[in-house]
Every structure is written in C-alpha cells, then in structure tokens.
Amino acid sequence: MDRFMKRIFALLAVIVLIFTIAVFYDKINTTTREIHVIPPVYCMQLRHKFANIASATNPAHHRFDFKNFTEDLSALMRCPPMSNITQKELNRARLRACCNATGILYYNKQNTAANQNITYETSSKQSYHINKDFYNMLPEDFPWSGRTLSNCAVVGSGGILKNSSCGREIDTADFVIRFNMAPVNDSDVGLKTDLVTMNPSQLLGYKNLKSNPGPLVERVSVYGNSILIISAFNYAANTRLSVNAFKVLHPIRPQQHMVFFSSSYMKNLSGFWKRQGLKGVHLSSGFRLINVALEVCDHVHVYGFWPFDTNLEQQKLTHHYFDNVGPKRGVHAMPKEFLNLLKLHSQGALTLHLQPCL
Ligand SMILES: *[C@@H]1O[C@H](CO)[C@@H](O)[C@H](O)[C@H]1NC(C)=O
Ligand SMILES: *[C@@H]1O[C@H](CO)[C@@H](O)[C@H](O)[C@H]1NC(C)=O
Ligand SMILES: *[C@@H]1O[C@H](CO)[C@@H](O)[C@H](O)[C@H]1NC(C)=O
Ligand SMILES: *[C@@H]1O[C@H](CO)[C@@H](O)[C@H](O)[C@H]1NC(C)=O
Ligand SMILES: *[C@@H]1O[C@H](CO)[C@@H](O)[C@H](O)[C@H]1NC(C)=O
Ligand SMILES: *[C@@H]1O[C@H](CO)[C@@H](O)[C@H](O)[C@H]1NC(C)=O
Ligand SMILES: *[C@@H]1O[C@H](CO)[C@@H](O)[C@H](O)[C@H]1NC(C)=O
C-alpha cells in the first residue's frame, strides 16, 4: 500500500511539473511573438484596405504603387489570420448557385449518363459521345460527396515556395491540391497529394503511349492514388491526348482516377468572375481550383500563389519553385487574380501564405 501511494505521489509530481513547464513555455513564446505583432487597429485598417480593392485593379499597371502594396501586405501577413464563417458560407452559396463544383466539377457516374453527349466549353456545336466503356471507367462520385472537406491546401508553383519549409504544414491538410504534375518535396511543398492537374501539353512528351506506357505511369505514380484532373473538353486536340492517356492509364492504375473537368463548370465559373470584373481573362487552373476549394472545404490554405518577381522582402524569386521558366506572355492575368485572392484573405474567407513557415 505504501509503495502504491508513493507511486501515485511521484506521478502527480511529474504531472504538476509538466503543467508548470507548459504554462511557462507558452508565456515565453507569446512574449517573444508579441514583439513582432502589429497593433489590432492597424490590422483592421489593412484588412479593410485590401478587402475593398476593386476586382479589376491591375498591379501590372504603371500607376500601381507596388512598394506601398508590398509594405502594407508584409504588415498584413504579420497580423493573426482571421476567419469569417458568415463570409465563407456566403461565398460557398454563391459558388454553388453559379457553378456547382460540389456536384459537377468533373464527370462521374452520378452526374453523367452512358450515351450522353458532352458539349465543348468553347463551342456548343461540337460534342463528345460518352460510350458504355468510357462511362464504366468514370469514378463513382467525389471525395466530398455528402460532406465538406475540413482543411484544404491549394499549392501553386510560385518561386515563393522555394526554401519556405512549408512542406510539413502543407502535409497536415486533409486534402491537398497541386498543379501541372509539379514536383513534390518534403521540405518546401510537402508530399501529400489528393488532386493534381495535368496539362494536355504535358502529354505531348509521351509518344506511343499504348506500347510504351511506362514513363507516364511512373510520372503519375509519384502522386499515389490522387485524382488526376485534366481539361479535355475545351478543344478537340486536347480531347484526343487526354482520352488516349485515360484509356492507357485506367487498366494499369485503376485505383488512381484520371478525370475530366466538366465543360459547364468551366464555362459558368468564367462567367461568374467576368461579372465580378475579371473581364477578358482566361482564368488560370490555380484560380479555378481555389474556387473549387472555397465551395467544398471548410478552411482553405493557399500556398505558392505570388505572381511577382520579388518577395515581400524585395528578394529576387524564380518563376516556379522547381525551375525558372517564365509563362507565355498574356495567357493568364495572374496579378489580377492575385488581388482577388488577397481580397478573400482580408475578408477571412481563405488564408494566403506568403512567408516561410516556422
Ligand atoms: C500606403 O499608402 C496608404 C494610402 O496612401 C497610406 O495610408 C499607408 O501608410 C502607406 N503605407 C506605407 C507602408 O507607406
Ligand atoms: C463577416 O462577414 C460578413 C459578411 O460579409 C460581414 O457582414 C461581417 O461584418 C463580417 N464579420 C467580421 C467580424 O468582419
Ligand atoms: C449540383 O449538381 C448536382 C449533381 O448534378 C445536383 O444534384 C445538384 O442539384 C446541383 N446543385 C445546384 C445548386 O445546382
Ligand atoms: C449524341 O449525338 C449523336 C450524334 O452525334 C446523336 O446521334 C445522339 O442521338 C446523341 N445522343 C444524345 C443522348 O443526345
Ligand atoms: C535557398 O537556399 C539555398 C541554400 O541555403 C540558397 O543558395 C538559395 O539562394 C535560396 N534560394 C532562395 C530563392 O531563397
Ligand atoms: C527540396 O527542396 C530543397 C530546398 O529547396 C532542395 O534543397 C532539395 O534538393 C529538394 N528536394 C527534392 C527532392 O527536390
Ligand atoms: C451552368 O451552365 C449550364 C449551361 O452550360 C446550365 O445549364 C447550368 O444550369 C449552370 N449552372 C449550374 C449551377 O450548373
């Protein structure tokens, strides 16, 4: 009995000690953090400023004060992240009503019928016939069918992710979205992938897929069983490339679904943003999938979206975290899209990450 009581006392002493250390550690941690903290009133002003940027503002314009922009943004990034559930639900409802990624982001057995004709995004006269074999290879439903996903990370390819150490943080998300089969890396961008886009042009590099599927199979295996999503029904040339790859990959990797963006989702989302002032713009796949995440996820964390060539500390950046090849000029309007992401961040609808992770 005596020995039993001694053990209990020893255990209690250890618990009290751990508790004291935890409280102390937390105190030290908050005091060191407070040194860098921006006053709450200033944070409110910055959020107000960035939440009210006009959607059509173009940071590439010569009258745009980029220095003031990055200085204020740098301060905003040191403010505690703010989440506004009302704003999130409002966005979710608007996006569902216009575009419905929840129910029609890509073709599956729930939203498509065998023998249905798919009309093209760019032409209502052209269509593609879904035969029985094609239908049977479609996935049953969506990962978000009947629920919302909790924490999502959308990982762009911006050079800002290089040396960011954000990999571990990204990998803690419940659902990770990546682009154009970008390389994964445990230190900076993480390894977890649930959905990754393929660009039809990337398939051009794989000749004679039927007789030599190895290289493409190896490339997609890096993403485990994540969904591979491709835009196949905008132009006929893309359909040929995508459907060929689909027919080759499905029998070899039946657990890893290759899927096709629905053309009505793509068309409706462009229309939605046109009405918000993003006119004459071909939306990037990054921006589109952030919109998807806003609809199907409770919390959206955005990494690697920063379309400028210097970071917030005015240091030079590479175009991508994995190479320094620039985009084709005039294809996308990333800076304009970015301001809309910043607006959503300032409203508490998503969280932009523009600085290295701790
Ligand atoms: C940026 O400009 C605004 C409005 O002109 C001003 O209030 C703010 O102090 C400026 N920020 C910095 C960091 O200079
Ligand atoms: C949250 O968003 C709603 C809708 O835009 C807005 O009315 C409300 O003021 C916001 N709340 C906070 C604390 O900013
Ligand atoms: C979204 O699409 C699904 C599947 O087609 C459908 O059941 C649902 O009613 C649609 N929701 C809206 C708001 O259109
Ligand atoms: C699909 O289009 C073909 C002609 O291209 C037509 O014969 C067929 O009836 C259409 N099917 C449906 C379900 O509309
Ligand atoms: C990343 O870190 C390496 C090694 O520490 C350094 O040489 C390189 O300049 C850094 N790159 C960026 C973009 O900060
Ligand atoms: C991951 O990123 C770090 C830093 O950018 C780099 O040193 C390393 O070589 C990368 N690893 C892979 C597998 O790409
Ligand atoms: C999207 O566009 C199609 C026509 O392309 C339309 O029939 C549909 O109702 C629109 N809205 C949604 C929520 O899908």
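Counting starts at 1 for both ligands and their atoms, following the listed order. No hydrogens, no waters, no symmetry mates; every other heavy atom, side chains included, goes into these values.
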Visitor: Taking atom 5 (O) of ligand 7 as the reference point, report whether a protein heavy atom occurs under 4.0 Å from it.
Guide: yes

Visitor: Phe260 and ring-ring contact (aromatic ring centres under 6.0 Å, His included): which single residue from Tyr265, Tyr128, Phe233, Tyr120 fits?
Guide: Phe233

Visitor: Between the side chains of Glu121 and Lys267, is the shortest nitrogen-to-carboxylate-oxygen separation below 4.0 Å, so that they form an ion pair?
Guide: no

Visitor: For ligand 7, which atoms have a heavy atom of Cys98 less than 4.0 angstrom away?
Guide: 11 (N), 12 (C), 13 (C)

Visitor: Under the side chain to side chain donor-acceptor pair (under 3.5 Å) rule, what do Glu337 and Ser284 come out as? Steps first, then yes or no, please.
Guide: CA-CA 8 Å; Glu337 289 181 354; Ser284 68; 2.6 Å; yes

Visitor: Considering the heavy atoms of Ile104, write down every atom of ligand 7 situated less than 4.0 Å from one of them.
Guide: 14 (O)

Visitor: Ligand 1 and Lys49, any nitrogen or oxygen pair closer than 3.5 angstrom?
Guide: no

Visitor: Would you mind running through ligand 1 and noting each atom that sits below 4.0 Å from a heavy atom of Asp72?
Guide: 1 (C), 10 (C), 11 (N), 12 (C), 13 (C)

Visitor: Determine whether Tyr106 and Thr112 satisfy the following criterion, side chain to side chain donor-acceptor pair (under 3.5 Å), listing intermediate values before the conclusion.
Guide: CA-CA 9 Å; Tyr106 54 77; Thr112 311; over 6 Å; no

Visitor: Between Asn268 and Cys98 (side chain of the first, backbone of the second, donor and acceptor by atom type, cut-off under 3.5 Å), is there such a pair?
Guide: yes

Visitor: Have a look at Met198 and tell me which of Ile229, Val220, Leu241 forms a side chain to side chain contact (heavy atoms under 4.5 Å, CB included) with it.
Guide: Val220

Visitor: Tell me which protein heavy atom sits closest to atom 13 (C) of ligand 4, plus the residue, atom name and distance to 0.1 Å.
Guide: Asn115 O, 3.3 Å

Visitor: In terms of residue, atom name and distance, what is the protein heavy atom nearest to atom 3 (C) of ligand 4?
Guide: Asn117 ND2, 3.7 Å

Visitor: Short list, please: which atoms of ligand 1 are under 4.0 Å from a heavy atom of Glu71?
Guide: 12 (C), 13 (C), 14 (O)

Visitor: Has ligand 7 got any nitrogen or oxygen that is less than 3.5 angstrom from a nitrogen or oxygen of Asn268?
Guide: yes

Visitor: Any nitrogen or oxygen of Asn68, side chain or backbone, less than 3.5 Å from one on ligand 1?
Guide: yes

Visitor: Any heavy atom of Ala97 sitting closer than 4.0 Å to ligand 7?
Guide: yes

Visitor: Using the six-membered ring wherever Trp is involved, compare the ring planes of Phe322 and His320 and label them parallel, tilted or perpendicular (cut-offs 30° and 60°).
Guide: parallel

Visitor: Under a 3.5 Å distance rule, please check whether Tyr321 uses its side chain to pair with a backbone N or O of Pro183 as donor and acceptor.
Guide: yes

Visitor: Under 4.0 Å from a heavy atom of Ser264: give me the atoms of ligand 7 that qualify, with their elements.
Guide: 5 (O)

Visitor: When you check the gap from the basic side-chain N to the acidic O, do Asp194 and Lys192 get nearer than 4.0 Å?
Guide: yes

Visitor: Less than 4.0 angstrom from a charged side-chain N to a carboxylate O is my criterion; do Asp298 and Arg147 meet it?
Guide: no

Visitor: May I ask whether Gly103 places a heavy atom under 4.0 Å from ligand 7?
Guide: no

Visitor: Which atoms of ligand 7 are found less than 4.0 Å from any heavy atom of Asn100?
Guide: 13 (C)

Visitor: Using a distance threshold of 4.0 Å (strictly less than), state whether atom 9 (O) of ligand 4 has a protein heavy-atom neighbour.
Guide: no

